[in-house]
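Here is the structure we will look at, set down as structure tokens.
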Amino acid sequence: MKREEAWTWLRKTDSMALQETLRDLDRSFRNFFDRRARYPRFKSAHAAVHSYRTRNQSNSIRWEGNQLRLPRIGCVTVRPRHIVEGRILNATVMQTMTGHFYVSLCMKREIEPLPAKKEKRHLGLILDPQGCFIGSTGFCIPLPESLSEREQRIARLKRDLARGQKGSANYEKRRARIVRQEERIWNTEQDFLQKLTTRLTREYSLIVVETRQGSSRGDSAGLRTTGWQGFLALLRYKAEENGCEILAVPIRKTPGQTCRKCGSPRSGVPSDHRGRWICPVCHAENDGIAAARTLLRRGLGLQAYKRLRCQNSQPNRKPRSGIRWK
Ligand SMILES: [Zn+2]
């Protein structure tokens with residue numbers, strides 16, 4: 001296609017980027033025919049984020065000082081969040097609606113998992129509906145306050161947007177403002193979660209969390225950008241690096257959503273700094289830390305049960321003495 005007159009613009013990009021796009025197209029059609037996804041759609045010029053991915057071949061993507069060399073584009077000055085040692089597999093360049101450019105690098109490196117911690121420190125961790133991480137050892141860490149403020153601001157902006165005329169200059173301006181807020185929320189939340197998961201996995205040898213159904217963004221209180229599954233993924237890979245074990249336990253009800261005594265819904269009652277909240281109906285005190293301890297107990301019980309079952313089903317058992325059949 002590159003040779004034809006009508007497609008000369010294809011020559012402007014690097015060839016690896018085109019190949020990656022073809023690969024994406026192939027995958028999306030395969031997903032469609034396997035009934036996993038909808039029919040593929042074109043990328044839109046009006047999308048909030050523009051992006052392309054390119055593969056590293058014979059060192060075409062590399063660091064030169066604090067600049068990153070990208071094929072066809074050349075050297076760009078970047079402000080790295082953190083430098084990861086390793087081999088670059090591919091790079092995705094994104095431009096958000098605020099005009100900021102981001103590049104994410106997919107790196108490969110060998111890591112040596114640390115040996116399991118000598119000292120056994122167990123933790124049950126829950127996230128209550130008010131957006132507070134509560135640990136069985138007695139801590140209560142709320143999500144950054146600025147997140148809920150920003151969320152309110154976004155809600156207001158979205159109401160304004162609904163009133164405006166679609167496609168007008170003001171409409172686009174408002175839309176850009178929303179995206180800017182979303183971007184800040186993303187940055188704040190990621191920063192918080194990265195630091196939290198690093199700290200917890202370094203400190204504890206076993207962390208029990210709950211499995212939650214669904215992976216959509218709205219299902220876990222506060223976790224806007226990643227959702228619960230994303231948080232677990234973060235926790236798991238950090239645990240692997242820091243010699244910590246993660247145990248996800250299925251539980252019937254998410255703790256902290258209903259009163260433990262009368263079962264009435266919590267309906268937005270905030271918890272204090274120790275994770276406690278008073279039921280608005282029966283005035284019973286609900287304890288988040290106690291809920292986290294219950295989760296930990298259940299996790300340890302499940303672990304012990306699984307170990308026992310593994311031992312009992314070992315194939316090479318000694319033959320029983322007594323009668324021998326020949
Ligand atoms: Zn109650």
Side-chain angles (χ1 to χ4, degrees), residues 121-156 158-159 185 188-189 192-193 196-197 199-200 203-204 206-235 246-306:
R121 295 200 66 191
H122 298 159
L123 175 74
L125 183 70
I126 60 172
L127 173 64
D128 82 347
Q130 298 313 108
C132 218
F133 284 96
I134 299 173
S136 58
T137 46
F139 63 80
C140 181
I141 306 169
L143 287 166
E145 225 164 82
S146 58
L147 285 176
S148 61
E149 282 167 27
R150 293 233 162 85
E151 219 152 303
Q152 282 164 11
R153 211 173 299 159
I154 284 183
R156 204 174 55 234
K158 276 188 175 157
R159 279 199 297 278
I185 283 185
T188 313
E189 200 182 286
F192 171 79
L193 291 178
L196 179 78
T197 48
R199 221 190 77 193
L200 292 180
E203 208 168 315
Y204 294 95
L206 172 78
I207 301 176
V208 181
V209 287
E210 55 167 314
T211 55
R212 281 190 192 180
Q213 293 299 311
S215 56
S216 63
R217 284 180 188 178
D219 65 344
S220 340
L223 299 185
R224 269 181 73 96
T225 57
T226 53
W228 187 249
Q229 304 301 334
F231 171 71
L232 286 192
L234 202 64
L235 201 61
I246 303 295
L247 195 63
V249 177
I251 48 175
R252 213 169 293 153
K253 256 189 258 168
T254 299
Q257 252 169 0
T258 52
C259 170
R260 73 189 157 80
K261 209 164 188 188
C262 69
S264 52
R266 183 169 175 175
S267 52
V269 180
S271 43
D272 68 0
H273 66 285
R274 298 269 302 152
R276 285 177 296 225
W277 58 280
I278 306 292
C279 170
V281 180
C282 72
H283 304 288
E285 195 185 77
N286 287 276
D287 191 349
I289 292 168
R293 285 199 188 118
T294 311
L295 179 71
L296 175 62
R297 264 201 303 280
R298 195 163 302 182
L300 290 175
L302 200 71
Q303 203 185 32
Y305 169 70
K306 272 185 184 160

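Remember, it's 1-based here, ligands and their atoms both numbered in the order they're listed.
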With no hydrogens and no angle check, is any side-chain donor or acceptor of Arg276 less than 3.5 Å from a backbone partner on Asp287?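 Between the backbone of Asp287 and the side chain of Arg276 there is no qualifying donor-acceptor contact (under 3.5 Å).
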
Could you pull out the N/O/S protein atoms under 2.8 Å of the Zn ion (ligand 1), ignoring any water?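 Near the Zn ion (ligand 1), the protein supplies Cys259 SG, Cys262 SG, Cys279 SG, Cys282 SG.
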
Just verifying a value: how many Å separate Leu232 CG and Thr211 OG1, rounded to the nearest 0.5 Å?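 With rounding to 0.5 Å, CG (Leu232) is 8.5 Å from OG1 (Thr211).
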
How many angstroms lie between OH in Tyr204 and OG1 in Thr137, if you round to the nearest 0.5 Å?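 One gets 3.0 Å once the value is rounded to the nearest 0.5 Å.
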
Partners of Lys158 by salt bridge (charged side-chain N to carboxylate O under 4.0 Å, His left out), sequence neighbours excluded?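 Partners of Lys158 by the salt bridge (charged side-chain N to carboxylate O under 4.0 Å, His left out) criterion, ordered by chain and then number, come out as Glu182.
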
Are more than 12 heavy atoms from other residues, nucleotides or ligands located less than 6.0 Å from atom CZ of Arg298?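 Not buried by this count: 12 neighbours or fewer within 6.0 Å.
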
Any side-chain heavy atom of Leu296 sitting closer than 4.5 Å to one from Leu123?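 No - every pair of side-chain heavy atoms lies 4.5 Å or more apart.
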
